[in-house]
Amino acid sequence: MSITIENLNKQFGSHKALDDINLEVNSGELLALLGPSGCGKTSLLRIIGGLDVADAGKLLFHGEDVEQRDARERNVGFVFQHYALFRHMTVFENVAFGLRVKPKKERHNEAEIKRRVHELLNLVQLDWLHDRYPAQLSGGQRQRIALARALAVEPKILLLDEPFGALDAQVRKELRRWLRRLHDELHITSIFVTHDQEEALEVADRVVVMNKGRIEQIGTPDEVYAAPATPFVYQFIGNVNLFHSRDHAPWTEQHGDAVAYVRPHDIDINRTPQDDTALQVEVKLVRTIGSVVRVEVAADGSGELIEIELSRERYDATPLANGDKVFIRPRQFRVFDTGVKNELSAA
Amino acid sequence: MPQFKAHSVLPGFNLALGYTLLYLSLIVLIPLSALFFKTATLGWGGFYDLATGDRVLASLRVTFLTSFAAALLNAFFGLMVAWVLVRYRFPGKRIVDALVDLPFALPTAVAGITLAALYAPNGWIGQYFAAHDVKVAYTPLGIVVALTFIGLPFVVRTVQPVLADVEAEVEEAAASLGAGRWDVFRRVIFPAVYPALLTGFALAFARAIGEYGSVIFIAGNMPYISEIAPLLIVAKLEQYDYAGATAIAVLMLLISFALLFAINGLQWWSSRRGAK
């Protein structure tokens, strides 16, 4: 089921949580809402799920206005960051909850409920835990149960609010791959909220980057990483070095005030100047982190550190030591004029 | 021999246990056993005659029935008050929160006199009841009013923290799964607060059984109708019938103990069924 959001606004006191949001979610896609905390992504998700009400704007499911519909009538599955499982119920009863509270004429008989619950528990690979209580499960298991519970009512839309936020790194990684595979099987239109860019880029079909209640960019993971639309997206997704036109005029290619944004892995290092735009720097620190080598350099007479990432092969071809004088040059960069930059730094 | 004492990082098990036993003996056990010894001077026959006396039975019935009714009322309205205090934000919330403790702080006699004045047939509230030929003060109904007043904080204060512990998210999860309001309450909230509610009920009930100060002013104290057992004890004491007084006390104690035991059993049973 597709979701259309038009001119959505939400205000909490004097804080504008959502500022004129327009978004189209395609049927069957897995969409990530990505942004720093307080950017409005969770508010947006809650409004779609019917747990909050927008001040103004339109919300359509498959072209149908659902604003007046209560959360319980939207047929939306919601997964919470802290699981929100029913503590006094077994895993089985948690998953069966949505089936048991159906109106009498729609309710399945006990045998059918049992069959469906076990089917879902098998889907999340936790059938063997069916008679345990949530307190006896690990965080990753609880979140999978919460997902099974949400899927029990056969929702047309699945909303996940930082579903892996409370888990440790290893489990997180495992679960998000598993979520991707599950989505490929079920094809439910899904939106998940995260502040973790790696998670969004790895799992989602499309990523919506949000900041201060506005959408900064909508695109595939590749697009938002390789072609950020705004300085904010540049800085939020991946690392970036900023070069001001005052200091590095040749790179900004402009005469006015401008800033060039360069990814750490888009910088070349050479012993000799590549051309007349090369910048002479001194190596301050070299650190090997797994498969990449991170080099920190500083321009002559400037304390500002520039971060450069090299692959191991490249580094081995020209090893560096602290204090070496080298030349750097960006292979790829993007220039934003300072007006935008100021807006950014005010953030 | 079973392990008597688990290893602990905090020393002082012997001292703490010794002190606990001494303290319990001095404050609880010795006075209570004195009660039984004094009662024993009556002998079985004397005790039986006294315990089955019409007036004693009537007073016990009044005490336990009104206490039960008051505790039940408190369970309902206490849960509601706790709910409002936990879930909503409104101006003056802190004041309302503090008001709940008032029955703890107010001398019970003051509460009794105030309630009696309010609910008397010519009182502020009593006149409206009187208009419909309902008498509150000086009847068992008045006793229930006083005991409800006394017991309210017990329920609110035991349920409040437990209710606060049930995240709003759990209710939202239930709603998004299609549960109506009644289903959310019945299947999600109530099971979570039920043990605490039972504890609050038991506390309010126990407190009401022993209540004396507030009740005697509003009850009217008519033998067989609105005379409570604690009043009968005081009456016996005034007649220097110490053994008779302690005998009634022993009776009350046994009944209370049996009831609290049953409530605890119920709680144990329900918690075994529920979250482990």
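Note on naming: letters A, B, ... go to the chains in the order of the sequence lines (proteins, then strands), and numbering restarts at 1 for each one.
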Could you pull out the closest heavy-atom pair between A/Arg87 and B/Val166, with the gap in Å?
NH2-CA, 3.8 Å
Below 4.5 Å, heavy atoms only, C-beta onward: do B/Val170 and A/Phe80 meet side chain to side chain?
no
Given the rule in the side chain to side chain contact (heavy atoms under 4.5 Å, CB included) test, do A/Phe78 and B/Glu172 qualify, once you have shown the distances and angles that lead to the verdict?
CA-CA 9 Å; A/Phe78 208 105; B/Glu172 290 174 348; over 6 Å; no
Is it the case that more than 12 heavy atoms not belonging to B/Phe261 sit under 6.0 Å from its CZ atom?
no
Who wins among A/Leu51, A/Asp70, A/Val153 for the most heavy-atom pairs under 4.5 Å with chain B?
A/Leu51
So which part of A/Val76 gets closer than 4.5 Å to some heavy atom of chain B, the side chain, the backbone, both or neither?
backbone
With a 6.0 Å cut-off (strictly less than), is the heavy-atom count around OH of B/Tyr19, excluding the residue itself, greater than 12?
no
Flag yes if more than 12 heavy atoms outside B/Phe68 fall under 6.0 Å of its CZ atom; otherwise flag no.
no
Report which part of B/Arg186 has an atom under 4.5 Å of a heavy atom belonging to chain A: side chain, backbone, both, or neither.
neither
Checking A/Arg72 side chain against B/Ala179 main chain: does a donor-acceptor pair fall under 3.5 Å?
yes
Does B/Ile95 CD1 have over 12 foreign heavy atoms under 6.0 Å away?
no
Is the NZ atom of A/Lys114 crowded by more than 12 outside heavy atoms at less than 6.0 Å?
no
Identify which part of B/Val184 has an atom lying under 4.5 Å from any heavy atom of chain A, answering side chain, backbone, both or neither.
neither
Please report the C-alpha distance between B/Leu177 and A/Arg100 in whole Å, then the side-chain angles of each, then the deciding distance to 0.1 Å, and finally whether the side chain to side chain contact (heavy atoms under 4.5 Å, CB included) criterion is met.
CA-CA 10 Å; B/Leu177 288 167; A/Arg100 291 206 195 282; over 6 Å; no
Are more than 12 heavy atoms from other residues, nucleotides or ligands located less than 6.0 Å from atom NZ of A/Lys58?
no
I'd like to know whether CZ of B/Arg181 has more than 12 heavy-atom contacts from other residues, nucleotides or ligands below 6.0 angstrom.
no
Can you tell me how far CD of B/Glu167 sits from CG of A/Leu85, rounded to the nearest 0.5 angstrom?
9.5 Å
Any donor-acceptor pair under 3.5 Å from A/His88 side chain to B/Ile189 backbone
no
Flag if over 12 foreign heavy atoms under 6.0 Å of CD, A/Glu106:
yes
Testing the basics here: between B/Ala173 and A/Ala84, what is the closest heavy-atom pair and its distance to 0.1 Å?
CB-O, 4.0 Å
Working to the nearest 0.5 angstrom, can you tell me the gap between B/Ser176 OG and A/Arg46 CZ?
10.5 Å
